[in-house]
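Owing to the predicted nature of the structure, the values given are computational and were not obtained by experimental measurement. In what follows, every chain begins at residue 1, and chains take the letters A, B, ... in the order their sequences are listed.
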2 protein chains.
Amino acid sequence: MTGIKALARHLDLSIGTVSRALNDKADVSPATRKRVLAAARELGYRPNHSGRALRQGRTSTIGLVLETGSPASLAGDAFFMQLIDAMQETFSAAGTDLVLLPCRSADDPIEFLRRQVGRRMVDALVITATRRQDPRIAMLVEEGMPFLALGRSGTPGDWPWIDLDFEGVADRAVAELAALGHRRIALVAPRKEVNLAHVWMDGYRAAIRRHGLEEHEGLMLRLSVSENGGRQAAEAVLGMDPRPTALLLVSEMMAPGVYARLGEAGLEPGRDLSVIGFRRNPQLGFLRPELAGFALDLRALGTAVGEAALGLAVSPADPVRLVWPMDYVPAASVRPPPAE
Amino acid sequence: MTGIKALARHLDLSIGTVSRALNDKADVSPATRKRVLAAARELGYRPNHSGRALRQGRTSTIGLVLETGSPASLAGDAFFMQLIDAMQETFSAAGTDLVLLPCRSADDPIEFLRRQVGRRMVDALVITATRRQDPRIAMLVEEGMPFLALGRSGTPGDWPWIDLDFEGVADRAVAELAALGHRRIALVAPRKEVNLAHVWMDGYRAAIRRHGLEEHEGLMLRLSVSENGGRQAAEAVLGMDPRPTALLLVSEMMAPGVYARLGEAGLEPGRDLSVIGFRRNPQLGFLRPELAGFALDLRALGTAVGEAALGLAVSPADPVRLVWPMDYVPAASVRPPPAE
DNA sequence: AGCATTTCTGGAAACGTTTACGACGGAGCC
DNA sequence: GGCTCCGTCGTAAACGTTTCCAGAAATGCT
């Protein structure tokens with residue numbers, strides 16, 4: 001393997017000069033720089049990551065922690081894939097690499113993170129699926145590890161986060177439904193104790209109250225975020241008496257299940273039960289009637305997340321705290337409630 | 001940050017001795033070993049990954065390359081999540097870490113891999129979604145990078161791979177259907193030019209021929225592996241004249257789309273069109289009638305993949321070449337064809 | 001007791017890179 | 001011509017760890 005040493009010997013230069021030439025440092029003549037770059041390309045030289053990281057004290061790598069085992073994390077839709085895509089594009093321009101660190105849900109997430117921190121293999125971490133009380137955050141703050149949370153948490157402190165506007169979405173969705181005359185609106189929240197579940201339910205509760213609609217804990221369903229969860233949501237709504245006239249889903253990926261179960265009962269989404277999915281998702285373009293939801297530019301979000309993660313190392317003060325807004329897109333799955 | 005140096009000073013020992021104690025080497029007395037381990041735990045010492053990697057010439061990390069942007073890779077179901085989970089369990093026992101390397105489908109995969117190889121950040125790579133002609137394989141062989149391919153390829157050579165038994169599944173599925181009296185069996189293959197598409201179609205073709213069934217290129221559909229793809233498959237089948245009596249899916253995740261489209265046409269899976277999904281998937285337990293498919297123990301597969309990947313570094317000779325068998329599990333979605 | 005052997009420990013080199021510093025040459029200036 | 005200064009390059013230390021080697025202490029053997 002050609003290291004910088006072999007390269008220097010081949011060029012009859014010192015390794016110091018070669019290094020400076022490769023890294024665009026000042027103290028090297030244009031002629032030699034050109035010569036070095038040519039030789040490096042020819043010999044296929046790639047700097048050894050460990051050596052560089054050891055010397056520089058940083059790895060130019062950022063880790064995104066993902067939960068494996070939980071279907072809500074990466075499965076169900078290409079949400080994260082697209083996010084990762086955009087993040088990587090941003091990183092790439094900054095000479096940084098992205099690695100995904102899968103954390104087994106069976107393992108202790110704290111221990112997993114502590115291990116990553118100790119290894120110093122990444123300069124910063126991006127964590128997802130934040131909990132209402134998330135010990136990971138306190139740990140990372142304590143360890144002095146730069147990190148960005150995708151999602152808020154009740155853990156106090158000035159750590160950086162970016163989150164979707166769950167309460168804004170819930171509020172707007174309820175408002176749209178109320179304006180059409182809906183009085184009984186059921187809500188689906190994740191079964192898992194992630195923070196967004198509570199933000200989502202709080203936003204819903206506040207909006208229900210503000211519009212003076214029917215408030216009832218039984219209208220809030222906790223289900224797994226999956227097609228099957230959607231099916232169970234529809235099942236539950238069908239069993240309620242009086243039956244809600246609208247259903248608000250925490251994830252649009254549940255909608256196919258809802259539609260299927262309604263169809264089996266001879267009901268039609270929109271006409272018999274208004275349905276609002278969370279995110280407007282082109283993958284679900286086949287749904288009839290079209291599913292109402294909220295537009296989200298995943299590329300823009302991914303870029304923002306990427307930039308925030310990059311900024312972590314450079315400016316630890318003034319952490320990002322960003323609620324990402326989403327715009328309502330009406331569709332035929334939302335109509336006035338059926339006449340009683 | 002407490003390095004081994006600080007630890008040694010704190011213990012009034014040489015760093016050599018401390019290192020040996022930590023790494024379970026022979027030349028250290030039980031008493032000091034105990035003392036060192038206690039101090040390491042107390043001071044929260046974690047070996048620096050770069051330092052160790054630099055010295056040892058290996059990183060104890062294996063990279064799994066994933067394609068982002070393509071919905072078939074990680075989305076659709078939790079297939080990879082579960083695989084990763086089991087792989088990680090295997091790695092963990094061997095003191096190895098797993099990182100996921102997302103490769104943007106927009107980028108050049110060769111360049112991406114070359115970069116990973118050059119960085120020497122991982123000891124071995126696991127690549128997925130192998131193509132029929134996959135230049136990545138030739139490149140990795142040439143670079144001398146240990147790797148394992150999840151999926152076969154037409155690229156010649158003795159590189160290690162593990163793949164599902166696509167032709168076996170296609171063969172058995174056709175046999176089951178033929179035994180029930182089906183004569184016109186439609187097949188769904190991925191639209192993308194992955195190797196498995198061809199293995200799958202070849203297996204199907206051979207079985208069709210062997211059983212003397214209706215052979216016709218129009219019976220083979222190339223569609224995206226998604227719920228919507230399943231919908232399109234059903235759509236296509238409905239439009240065929242004469243209509244096939246059975247449908248063989250390359251992924252069970254397409255089944256909900258198939259079921260939905262059939263339902264809209266007033267048809268019932270099993271009764272009007274037999275459907276076989278690829279893998280038996282508990283996530284799809286809600287489908288009625290139950291979907292026939294092939295049992296696959298993802299944990300066992302993940303363990304096998306993990307072990308093969310671990311063995312890559314130790315025994316480069318005699319590469320793994322493994323076709324993973326799957327057993328047919330009948331269900332109500334497969335019944336004799338309707339009387340003409 | 002004397003020697004050989006074992007057990008434990010410290011010293012130091014090495015992995016590949018970056019970077020502070022010093023050295024050397026030539027050019028410019030008085 | 002001697003001085004400074006700038007441009008260019010080589011030298012060497014340092015990052016944190018592992019591992020080889022030698023040395024010291026302790027033990028076993030005759």
K.L.:
Measuring from Leu100(A):CG to Ile62(A):CD1, what's the distance to the nearest 0.5 Å?
P.N.:
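So the CG of Leu100(A) and the CD1 of Ile62(A) are separated by 12.5 Å.
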K.L.:
Identify all side-chain donor-acceptor contacts of residues 89-96 of chain B below 3.5 Å with residues at least two apart in sequence or on another chain.
P.N.:
unit_1   : atom_1 : unit_2    : atom_2 : d
Glu89(B) : OE1    : Arg299(B) : NH1    : 2.3
Thr90(B) : OG1    : Ala86(B)  : O      : 3.1

K.L.:
How long is the line joining CG of Leu54(A) and P of dT17(D), in whole Å?
P.N.:
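So the two atoms are 9 Å apart, to the nearest Å.
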K.L.:
Could you check how far CD1 of Ile4(A) sits from P of dA14(D), rounded to whole Å?
P.N.:
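Computing the Ile4(A):CD1 to dA14(D):P distance gives 19 Å.
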K.L.:
Please check: side-chain N/O of Asp123(B) versus main-chain N/O of Arg58(B), any donor-acceptor pairing under 3.5 Å?
P.N.:
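Looks like no, no N/O pair under 3.5 Å.
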K.L.:
Between the main-chain N or O of Val65(A) and the side-chain N or O of Thr128(A), is there a donor-acceptor pair closer than 3.5 Å?
P.N.:
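Between the backbone of Val65(A) and the side chain of Thr128(A) there is a qualifying donor-acceptor contact (under 3.5 Å).
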K.L.:
Hey, does Ser50(B) reach any base, or is it just sugar-phosphate, or nothing, if we go heavy atoms under 4.0 Å?
P.N.:
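Result for Ser50(B) = nothing.
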K.L.:
To the nearest Å, give me how far apart CG (Leu7(B)) and C1' (dT18(D)) are.
P.N.:
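Going from CG in Leu7(B) over to C1' in dT18(D) covers 15 Å.
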K.L.:
Any luck finding a side-chain donor-acceptor pair between Thr130(A) and Asn195(A) under 3.5 Å?
P.N.:
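No, because no side-chain N or O of Thr130(A) sits under 3.5 Å from a partner of the opposite role on Asn195(A).
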K.L.:
Please report the distance, rounded to the nearest Å, between CG in Leu22(B) and C1' in dT18(D).
P.N.:
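Distance check: Leu22(B) CG to dT18(D) C1' gives 11 Å.
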K.L.:
Between atom CZ in Arg33(A) and atom C1' in dC9(D), what is the gap in whole Å?
P.N.:
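Roughly 13 Å, once rounded to whole Å.
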K.L.:
Are any non-hydrogen side-chain atoms of Glu193(B) and Arg132(B) less than 4.5 angstrom apart?
P.N.:
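The answer is no, as the side chains (C-beta and beyond) never meet within the 4.5 Å cut-off.
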K.L.:
Within this structure, what is the CG-to-P distance between Asn48(B) and dG16(D), rounded to whole angstrom?
P.N.:
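Atom CG in Asn48(B) sits about 7 Å away from atom P in dG16(D).
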K.L.:
Between Gly51(B) and Leu13(B), which residue's closest nucleotide on DNA chain C lies nearer the 5′ terminus?
P.N.:
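Counting from the 5' end, the first nearest nucleotide belongs to Leu13(B).
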K.L.:
Side chain to side chain contact (heavy atoms under 4.5 Å, CB included) for Gln88(B) and Asp107(A)? Distances and angles first, verdict last.
P.N.:
CA-CA 11 Å; Gln88(B) 202 162 15; Asp107(A) 289 345; 5.8 Å; no
K.L.:
Given dT18(D), is OP1 or OP2 found less than 4.0 Å from the side-chain N or O atoms of Arg52(B)?
P.N.:
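Answer yes for this pair, as a side-chain N or O of Arg52(B) is under 4.0 Å from OP1 or OP2.
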K.L.:
Taking protein heavy atoms under 4.0 Å as touching, what does nucleotides 19-24 of chain D look like 5' to 3' if B marks base contact, S marks sugar-phosphate-only contact and - marks none?
P.N.:
BB----
K.L.:
For Lys34(A) and dT8(D), what is the distance between atoms NZ and P respectively, to the nearest whole Å?
P.N.:
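Distance, rounded to whole Å: 15 Å.
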K.L.:
Please state how far atom CG in Asp12(A) lies from atom C1' in dG10(D), giving the value in whole angstrom units.
P.N.:
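One finds 12 Å between C1' of dG10(D) and CG of Asp12(A), rounded.
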